[in-house]
There are 2 protein chains.
Amino acid sequence: MNLKQLSAKLQLSQTTVSRALNDYPEVNEATRVRVKRAASKFNYQPNIRATSLATGRAKAIGHIIPINSSEVFNPIFAEFIAGASQAYSKRGYELLLTTTESNTEESVYRTIASKGSVDGVIVHAPRFKDSRISLLQELNLPFVIHGRDYSNTGDYSWIDINNRQSFYQATKLLIDLGHTRISLINGVETLNFARRRLMGFTKAMTDAQLTLDQNILFNGDLTEANGYHAATKALAFKNPPTAFLVSSYMSALGVRRAIHNANLQMGVDVSVIIHDDELSYFHNTGDVPQFTATRSSVMEAGMLAAEMLLSIIDKPETAPLTKLLEARLTIGASTGPNRSDT
Amino acid sequence: MNLKQLSAKLQLSQTTVSRALNDYPEVNEATRVRVKRAASKFNYQPNIRATSLATGRAKAIGHIIPINSSEVFNPIFAEFIAGASQAYSKRGYELLLTTTESNTEESVYRTIASKGSVDGVIVHAPRFKDSRISLLQELNLPFVIHGRDYSNTGDYSWIDINNRQSFYQATKLLIDLGHTRISLINGVETLNFARRRLMGFTKAMTDAQLTLDQNILFNGDLTEANGYHAATKALAFKNPPTAFLVSSYMSALGVRRAIHNANLQMGVDVSVIIHDDELSYFHNTGDVPQFTATRSSVMEAGMLAAEMLLSIIDKPETAPLTKLLEARLTIGASTGPNRSDT
DNA sequence: GAGGAAATTTAAAGCGCTTTGGATGATTAC
DNA sequence: GTAATCATCCAAAGCGCTTTAAATTTCCTC
């Protein structure tokens, strides 16, 4: 059923039917009711391709997921996208998902822009100095970044958590518990969030006049395996850390495994604080959660990011919008006072 | 830059330019070269909405992800989709992602069909008796199911792993190792894969004349937390299981936690076999992998499913296509002979 | 070198929608 | 009673592409 057929059935022009359905004022209320009733009776849905061709708006948002050979598909992206998706459906937008390897990234953005398949994009996993920002500005495609560029605080919209502050607080808690040798198991170092977390960590350490030991600072994809390897290596030192600060629940599961393998008890012999993105499959819940954590729902961030982007598309003059989310520090079972002799 | 402008620049008709770009035969080779060169020079990309309006093909595939209040976003879906996405980009298709709660599911499918936003869909997480199959047949929308309907083996395309066989083999291995009390930690029972795995498990048990204890058969979302709770409960029985068969790596991490908490050693006191979807964030690798597992890459399944669907769209007469993937049983460190007295 | 076939190109219609620029009555104002 | 105003409705153009039908050019053949 298309517009033409529907309007034939109603003995009305396409114009009137279209206007009735889109709530334009210049149509009699009685006919509007009649039209809407017929539309739902015949389950008429305007063809979105035709609509978007006529209006020039794609009614779709693009998410371009970077995929390295190593980091394949981060569950954190997935959850963020699930959040965004809900915001889109509410507003009648579609979500276009593209994966890309880093070497083809720029051309993917260019293609998407010139094909006109989306009205805007969400940028995932911003790097230290991210060329995508200027690219998108050049392409004149509205966007919101999940995270920020580290070097460029300029004119663009973003949503981010306060990584620095969270990791500062978490580190300070560990220090207050008497820990002095703290291992940081962080994300890939080129990523912006990892830099900011390192900054918060470093600040707390130097504030307390503790020195950093590069040997127990780790960077890598936030997988279980990487967490395990890093923690195993750290614990094997003659002077092992008494505490770990871990950038994700997933790598923390690997850290937990390493601690158990070393015949140590988490929360007693070794303390652990994680950043908890509140992934639905790895949620750190319970009266006393397993891990002490800085928490922030990445799904909610996805929803907010989507809403921001849609509002920018509606009213470009309001851009840039920014939003900084604070993580909540929650005490769980994985932290305790330093019991080592040192 | 659009077709009109491009053809004006080339002093050719839109027809010829369009044909040149789409490799139609009725255009002089020299002009084709000239056109293509100009197209790439001006970075011309046909507007996909216009193209699809003209051709009647959306050049997009829909993935509709069911989201319960409990199960939010399964990393397995994510990885499957990442695989599919690669197949789509190769063929110039877009991937449309929609999330839906189960109560609005049917209307989401209907809407997608009548809006004409996609040429086909992939159906995720088929249930025991899944109404989506007949719905999609009625809507005349090509589809491929990741999994199968349990009750309906009829006329539709699917790709699935041999769940029954895998779990039969895994169970048999445990039995051969002397285990008689085996706990099954499975997915949500309405889902087809969980049924089939249960069947394989049951067959191996009854073949060996062992009785099933309903108290140590668990169903639920395949989260870490659920794995932990199930295993903790099972191990608390007066007569605890000596082995676990676990439907995912993620819940197995919870099982591992429960085993440690009970002061038992995995692979020595308690054996564990998992099904490993080879998720990139939770890959069970190494010379001797942590877990003994039945393995099958869900990302590869996504890629294959996508290719199947595209081929069905190209040549509808070849449907239905089906593909059964065998999982590989790999011995890891989590299994050993039964050492209990029973 | 004329006739016909083959190769190459083009004009124009059409995909399903929105939107501009009228039309057509009905209503109001004087 | 006529002009001006409103409320409704409609015909037709246009979004950017593909494709049909037709025109033009080139190439053979004898």
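Just so we're on the same page: letters track the sequence lines, and every chain starts at 1. Computed from a predicted structure; not experimentally measured.
Remark: P of dA12(D) and CG of L3(A) are 17 Å apart, rounded to the nearest angstrom. Taking atom NZ of K4(B) as the reference point, atom C1' of dT18(D) lies 16 Å away to the nearest angstrom. What separates OH of Y24(A) from C1' of dC10(D) is a distance of 16 Å, to the nearest Å. Note: CZ (R57(B)) to P (dT19(D)) measures 10 Å, nearest angstrom.
Remark: S18(B) is in phosphate contact with dT18(D), judged by side-chain N or O atoms under 4.0 Å from OP1 or OP2.
Applying the ring-ring contact (aromatic ring centres under 6.0 Å, His included) test to residues at least two apart or on different chains, the pairs with a partner in residues 46-67 of chain A are H63(A)-Y88(A), H63(A)-H124(A).
Of all nucleotides in DNA chain C, those with any atom nearer than 4.0 Å to a heavy atom of chain B start and finish, going 5' to 3', at dT8(C) to dG16(C).
Closest approach of S114(A) and Q45(B) over heavy atoms only: OG-CG, 2.9 Å. The shortest heavy-atom contact between V17(B) and L3(B) is CG1-CD2, 3.5 Å.
When the salt bridge (Lys or Arg N to Asp or Glu O under 4.0 Å) test is applied to D160(B), the partners found at least two apart in sequence or on another chain are R148(B). Checked against side-chain contact (heavy atoms from CB on, under 4.5 Å), K41(A) has no partners two or more places apart in sequence or in another chain.
R132(A) and E105(A) are joined by a salt bridge, as a carboxylate oxygen and a charged side-chain nitrogen come within less than 4.0 angstrom of each other. Salt-bridge check for R34(A) with E29(A): failed, with every basic side-chain N at 4.0 Å or more from each acidic carboxylate O. R32(B) has no carboxylate O lying under 4.0 Å from a charged side-chain N of E26(B), or vice versa, which leaves the two without a salt bridge.
Both Q14(A) and V17(B) lie near DNA chain C, and the one whose nearest nucleotide falls closer to the 5' end is V17(B). Nearest-nucleotide mapping onto DNA chain C: of R49(A) and T16(A), the residue sitting toward the 5' end is R49(A). Residue A50(A) is the one, among E26(B) and A50(A), whose nearest nucleotide of DNA chain D lies closer to the 5' end (criterion: closest heavy atom). Along DNA chain D, the nucleotide closest to Y44(B) and the one closest to T31(A) are compared, and the more 5′ of them pairs with T31(A).
Within the nucleic acid shown, S52(A) has no heavy atom closer than 4.0 Å to any nucleic acid atom. When heavy atoms are screened at a 4.0 angstrom cut-off, T15(A) is found touching base atoms of the nucleic acid. Using a 4.0 Å heavy-atom cutoff across all strands shown, I48(A) reaches no nucleic acid atom at all. If you check every strand for non-hydrogen atoms under 4.0 Å, T55(B) touches sugar and phosphate atoms only.
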Original post:
Taking it one step at a time, do E79(B) and S280(B) satisfy side-chain hydrogen bond (donor to acceptor under 3.5 Å, both in side chains)?
Top reply: CA-CA 8 Å; E79(B) 193 106 355; S280(B) 42; 3.1 Å; yes
Original post:
What's the verdict on side-chain hydrogen bond (donor to acceptor under 3.5 Å, both in side chains) for S131(A) and E106(A), showing C-alpha distance, side-chain angles and the deciding distance?
Top reply: CA-CA 9 Å; S131(A) 57; E106(A) 179 172 338; 5.6 Å; no
**OP:** Please report the C-alpha distance between T15(B) and S18(B) in whole Å, then the side-chain angles of each, then the deciding distance to 0.1 Å, and finally whether the side-chain hydrogen bond (donor to acceptor under 3.5 Å, both in side chains) criterion is met.
**Re:** CA-CA 5 Å; T15(B) 311; S18(B) 167; over 6 Å; no
Protein and nucleotides 4-6 of chain D: nitrogen or oxygen contacts under 3.5 angstrom:
none

Which protein N or O atoms sit under 3.5 Å from an N or O of nucleotides 22-24 of chain D?
none

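For Q11(A), the CD atom is loosely surrounded, since the number of other residues' heavy atoms within 6.0 Å does not exceed 12.
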